Protein chains: 2
Amino acid sequence: MPKETKRRDTWFACLQANDYRLTKPRKTVINVLASSRQALNPTEIFDLAREEYPSLGLVSVYRTLETLEELNLIQRVHQPEGCKSYIAAFSGHQHLLVCEGCGRMVYFDGDDIASLVERVEQESGYQVNEHWLQLFGRCQACQ
Amino acid sequence: MPKETKRRDTWFACLQANDYRLTKPRKTVINVLASSRQALNPTEIFDLAREEYPSLGLVSVYRTLETLEELNLIQRVHQPEGCKSYIAAFSGHQHLLVCEGCGRMVYFDGDDIASLVERVEQESGYQVNEHWLQLFGRCQACQ
DNA sequence: ATCTTATTGAAAATGATTTTCAATTTCAGT
DNA sequence: ACTGAAATTGAAAATCATTTTCAATAAGAT
């Protein structure tokens, strides 16, 4: 079974486990998001999803995005051009690597910034709780 | 001379050096931004600036922000709550440390993530050009 | 198959940002 | 200081993204 199909079914199950009904609009939005390798904004999702389900309303895209984000199944991606796009979330402590050419994203883990955090805490007097790390570059195909 | 005054004068000079006129609306917006310890969004800047110059228009705030960003004097700050706020930019390679309590921000430098980048490049096949790193925590006053 | 209730799409409302444009202000040249 | 050309301004209108409202529909328990 392809990875995207598995993810899609996991999301369906997660919705049901949280007493959300499995409706056609939701399924369609999930199909689009669960199989995308790049972050998509509401309008892009709308356009793609309409190919599969033409009577879908844009409002349902917004509502489904809100739900999926609450369930931690997707996450908003911050980029210089804007912060309105979403991509499938990764469980665990992972960071994004974004291709500046095609937008393709991959997750990486194992960032060891503990010593950096410690030094910054000492110098600033702040107590650090969280960090955001994101890399930008070019994927193999775009190099 | 306080640091903020110096920064303000630098910005004035930078505008002039780039053939922008030194107008009252621009000066007022700069006064607000150059002396703020926390990131401010357009409306917040508008409200603060109006205390000094009541006939200021919101449009001029937007236009001045655009200009200052182009000149690399300010930068947009990305936060979980939104990405519409701006703060004075730092020259050189610096990252932000944001207080989750009061919003106060400080810059830090010397992040050494070279080895991390190298590993990720090998594993992903991407060529990494840039990185975003931002820390969140609590400042001394908010702890 | 029926019933209850969540969910939907369309339309209206809201909020943020951009564009348009005539009036004003800056500043270079006197 | 005075003048004039050109940049800049604020108000209003236009645009764009998102949210709210609401009657109609569809999901899923019985």
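Just so it is clear, the model here is predicted, and its values are computed rather than measured. Residue numbers begin at 1 in each chain, while the letters A, B, ... track the order of the sequences.
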Next on the checklist: Let me check something: do A/Y86 and A/V59 share a hydrophobic cluster, defined by ILVMFWY side-chain heavy atoms less than 4.5 Å apart, either directly or through other members?
Outcome noted: no
Per-nt protein contacts along nucleotides 17-30 of chain D (heavy atom under 4.0 Å; B base, S backbone sugar-phosphate only, - none) come out as SSBBB-----BS--
- Is the backbone N or O of A/Y20 less than 3.5 Å from a side-chain atom of A/N18, with the two atoms forming a donor-acceptor pair by type? no
With distance as the sole test, does A/R8 use its side chain to make a donor-acceptor pair with the main-chain N or O of A/S35 at under 3.5 Å? no
Q. Around A/E118, counting heavy atoms of other residues, nucleotides and ligands shown, do more than 12 lie under 6.0 Å from its CD?
A. no
**Item:** Residue A/R119 excluded, over 12 heavy atoms near CZ under 6.0 Å
**Value:** yes
Result for 5'-nearest mapping on DNA chain D, choosing between B/R50 and B/D19, is B/D19
Could you tell me how far apart [X] ([atom1]) and [N] ([atom2]) are, to the nearest whole angstrom?
X: A/I30; N: C/dT7; atom1: CD1; atom2: P; result: 12 Å
X: B/L15; N: C/dC27; atom1: CG; atom2: C1'; result: 15 Å
X: B/Y53; N: D/dT9; atom1: OH; atom2: P; result: 9 Å
X: B/L56; N: D/dT8; atom1: CG; atom2: C1'; result: 13 Å

Discussion item. Assess the residue pair B/W132 and B/H78 against the criterion (ring-ring contact (aromatic ring centres under 6.0 Å, His included)); give the C-alpha distance rounded to whole Å, side-chain angles, the decisive distance to 0.1 Å, and a yes or no.
Written reply: CA-CA 10 Å; B/W132 274 5; B/H78 295 261; 4.7 Å; yes
